[in-house]
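Note: hydrogens, waters and symmetry copies are ignored here, and every other heavy atom, side chains too, is used. Positions are given from 1, in the same order as the sequence printed here.
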Amino acid sequence: MKAMILQDTPGLDNLRIVERPMPKPRRQEILVQVKATALNYRDVEIVNGTYHTAFDLPLVPLSDGVGEVVAIGEEVTRFKIGDRVCSTFWQRWVGGSFHMAQAAYQRGGPIDGMLAEYALLDEQAAVLAPRNLADVEAATLPCAAVTAWHALVTEGAIKAGETVLVQGTGGVSLFALQFARTSGARVIVTSSSDRKLERAKALGAHAGINYRQVPEWSDAVLDLTDGQGVDHIIEVGGPQSFEQSLKAAARRGQINIIGYLGGKEGAINPLDIFKRQVQVRGIPVGSRESFEAMNRAIEVNDLKPVIDRTFPWTAAAQAMRYLESGSHFGKIALVHA
């Protein structure tokens, strides 16, 4: 089979397609013919060598993928040949608290990812793909969608009538917008692009704020909420935007730390958290239990992931460069078959 690997040195130009032996499923393993994969910023950082953890090379990148089960090992009970399944990010985090996750079992680094013709998965590290989604749509779920669901639903216990602020229009933010609207919440979106804000409103956002035109965007959030602030914030900007998130949060509001697209440098005054009694939590994607609950909601509500562009999987480097450009709206998927 063919697989794409990061050979021995980080860098997009060091991705190579190689021939590898066809894997054979062992006890409680399934062999999946990969149909589609999807990109996350984590994947690009790993390939570029800028991720906060260095992994042994060679490595098959990408955490997110969907495929068809073509062979099963002994004692497999969760799946059968012909099932369409998504990989999970945390291979050992089935349910419960984050204590159950193990850093050595993250797909796409340090464990080989999905950027190949076939992938071997533990049956406990896969879920049935939603029946209402095409392959490229289902491939976008394991990281971005589960992160948004885990933040707002599993951990956040979102309620109808609450207000959610999402930063930007990348994968996590747009999934959060969709899940919040399905929950009966009102959504405010920030972006540097008026065009993207209009597209977010078409998806159901109540209001949009251009943070380039309004650098102190927390003031605009307070105006939109009659001074009350928002109940949930999807924080993807990092330390530099966190101060604005604190100002925009309602008392006892929740700030979910997802990423650091605005940079890793900045200062945070913990007294500001204390004054507003804000709950701040890091969201490390989510468990398989969250994934399965989310998939049920996706099917019931016929939700469709927002996909900006698709590329052939062999053009993964080109797709990653496009993701780095920041011009996308939603997810970027790779077609395998």
Side-chain angles (χ1 to χ4, degrees), residues 1-5 15 17-25 29-40 42-43 47 59-73 76 78-89 91 106-109 111-146 171 175 285 288 291-292 294-296 298-299 302-320 322-323 328 330-337:
M1 72 165 195
K2 290 182 172 62
M4 186 171 290
I5 64 170
L15 288 171
I17 295 178
V18 298
E19 289 285 345
R20 284 188 165 183
M22 180 69 74
K24 295 181 180 180
E29 289 182 335
I30 59 176
L31 179 64
V32 172
Q33 183 181 13
V34 181
K35 299 295 186 181
T37 50
L39 300 184
N40 297 287
R42 177 184 188 269
D43 303 314
V47 172
L59 175 71
V60 178
L62 301 198
S63 304
D64 292 7
V66 67
E68 180 183 341
V69 178
V70 294
I72 60 175
V76 169
R78 285 174 45 78
F79 304 105
K80 63 182 184 301
I81 292 175
D83 282 344
R84 199 170 59 121
V85 302
C86 296
S87 60
T88 64
F89 175 68
Q91 303 289 280
Q106 299 170 82
R107 187 157 292 281
I111 294 177
D112 276 344
M114 301 294 289
L115 197 55
E117 291 181 319
Y118 293 86
L120 202 59
L121 307 178
D122 188 295
E123 69 164 334
Q124 302 298 332
V127 301
L128 289 171
R131 290 169 291 186
N132 64 315
L133 299 187
D135 288 335
V136 292
E137 294 170 328
T140 67
L141 300 180
C143 282
V146 175
F175 277 120
V285 190
R288 194 189 82 198
F291 201 159
E292 291 171 328
M294 179 194 75
N295 284 353
R296 292 191 292 270
I298 287 173
E299 286 192 2
D302 195 25
L303 294 179
K304 301 287 186 177
V306 179
I307 297 178
D308 182 278
R309 282 185 64 180
T310 61
F311 292 80
W313 75 278
T314 52
Q318 180 185 352
M320 289 184 183
Y322 178 65
L323 179 62
H328 59 290
K331 294 293 292 182
I332 299 166
L334 306 177
V335 178
H336 285 236

Participant: How close do Thr310 and Val335 get, heavy atom to heavy atom, and via which atoms?
Facilitator: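 Nearest heavy atoms, Thr310 then Val335: CB-CG2, 4.2 Å.
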Participant: Counting only N and O atoms by type, is there a donor-acceptor contact under 3.5 Å from the side chain of Lys331 to the main-chain atoms of Ala38?
Facilitator: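 Pair absent, no side-chain N/O of Lys331 close to backbone of Ala38.
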Participant: Say you draw a straight line from OG of Ser87 to CD1 of Ile30; how long is it, rounded to the nearest 0.5 Å?
Facilitator: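 The CD1 atom of Ile30 is 10.0 Å from OG of Ser87, to the nearest 0.5 Å.
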Participant: Report the C-alpha distance between Ile17 and Thr314 in whole Å, list the side-chain angles of each, state the deciding distance to 0.1 Å, and finish with yes or no for side-chain contact (heavy atoms from CB on, under 4.5 Å).
Facilitator: CA-CA 8 Å; Ile17 295 178; Thr314 52; 3.5 Å; yes
Participant: When you measure from the side chain of Arg309 to the backbone N and O of Ala319, does any donor-acceptor pair fall under 3.5 Å?
Facilitator: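 Not at all, since once roles are kept as given, no pair shorter than 3.5 Å links the two residues.
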Participant: Could you give the distance from CG (Asp308) to OG1 (Thr140), rounded to the nearest 0.5 Å?
Facilitator: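 Spacing of CG (Asp308) from OG1 (Thr140) equals 12.5 Å.
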Participant: For the backbone of Arg107 and the side chain of Ser63, can you confirm whether one donor and one acceptor N or O come within less than 3.5 Å of each other?
Facilitator: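 Checked: pair present.
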Participant: Parallel under 30°, tilted from 30 to 60°, perpendicular over 60°: which one fits the rings of Trp313 and His336?
Facilitator: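 It falls in the parallel class, under 30°.
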Participant: How would you list, by chain and number, every residue that makes a side-chain contact (heavy atoms from CB on, under 4.5 Å) with Pro23, sequence neighbours excluded?
Facilitator: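 So Pro23 forms a side-chain contact (heavy atoms from CB on, under 4.5 Å) with Met1, Leu31, Leu120.
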Participant: Would you name the heavy atoms of Leu59 and Ile111 that are closest together and state the gap between them?
Facilitator: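 Minimum heavy-atom separation between Leu59 and Ile111: CD1-O, 3.9 Å.
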Participant: With a cut-off of 3.5 Å and sequence neighbours excluded, list every side-chain donor-acceptor pair involving residues 121-131.
Facilitator:
| unit_1 | atom_1 | unit_2 | atom_2 | d |
| --- | --- | --- | --- | --- |
| Asp122 | OD1 | Gln124 | N | 2.7 |
| Glu123 | OE1 | Thr77 | N | 3.0 |
| Glu123 | OE1 | Arg78 | N | 2.8 |
| Gln124 | OE1 | Arg288 | NH1 | 2.7 |
| Arg131 | NE | Glu299 | OE1 | 3.3 |
| Arg131 | NE | Glu299 | OE2 | 3.3 |
| Arg131 | NH2 | Glu299 | OE1 | 2.9 |

Participant: Within this structure, what is the CD-CG distance for the pair Glu137 and Leu303, rounded to the nearest 0.5 Å?
Facilitator: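 Taking CD in Glu137 and CG in Leu303, the distance rounds to 11.0 Å.
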Participant: Atom OH in Tyr118, atom NZ in Lys24: separation rounded to 0.5 Å?
Facilitator: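 Atom-to-atom, Tyr118:OH and Lys24:NZ are 14.0 Å apart.
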Participant: In Å, rounded to the nearest 0.5 Å, how long is the span from CG of Asp135 to CG of Leu334?
Facilitator: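 Going from the CG atom of Asp135 to the CG atom of Leu334 covers 13.0 Å.
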Participant: More than 12 non-hydrogen atoms from neighbouring residues, nucleotides or ligands closer than 6.0 Å to NZ on Lys2, yes or no?
Facilitator: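 Open: at most 12 neighbouring heavy atoms sit under 6.0 Å from NZ of Lys2.
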Participant: Looking only at heavy atoms, which two atoms of Cys86 and Pro142 are closest? And how far apart?
Facilitator: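 Smallest heavy-atom distance, with atoms named: CB-CG, 4.4 Å.
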Participant: Residues two or more places apart in sequence or in another chain: which of them pass side-chain hydrogen bond (donor to acceptor under 3.5 Å, both in side chains) with Asp43?
Facilitator: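 For Asp43 there are no side-chain hydrogen bond (donor to acceptor under 3.5 Å, both in side chains) partners, ignoring immediate neighbours.
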Participant: Atom CZ in Phe175, atom CG in Leu141: separation rounded to 0.5 Å?
Facilitator: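 Going from CZ on Phe175 over to CG on Leu141, the span is 5.0 Å.
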Participant: Does the side-chain contact (heavy atoms from CB on, under 4.5 Å) test come out yes or no for Val47 and Leu15, once each step is laid out?
Facilitator: CA-CA 8 Å; Val47 172; Leu15 288 171; 4.2 Å; yes
Participant: Take Val34 and Glu117, measure what side-chain contact (heavy atoms from CB on, under 4.5 Å) needs, and give me the verdict at the end.
Facilitator: CA-CA 5 Å; Val34 181; Glu117 291 181 319; over 6 Å; no
Participant: Looking only at heavy atoms, what is the nearest atom pair of Cys143 and Asn40, with distance?
Facilitator: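 Scanning both residues, the minimum pair turns out to be CB-ND2, 3.6 Å.
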Participant: Asp64 and Thr37: side-chain contact (heavy atoms from CB on, under 4.5 Å), yes or no, with the steps?
Facilitator: CA-CA 5 Å; Asp64 292 7; Thr37 50; 5.8 Å; no
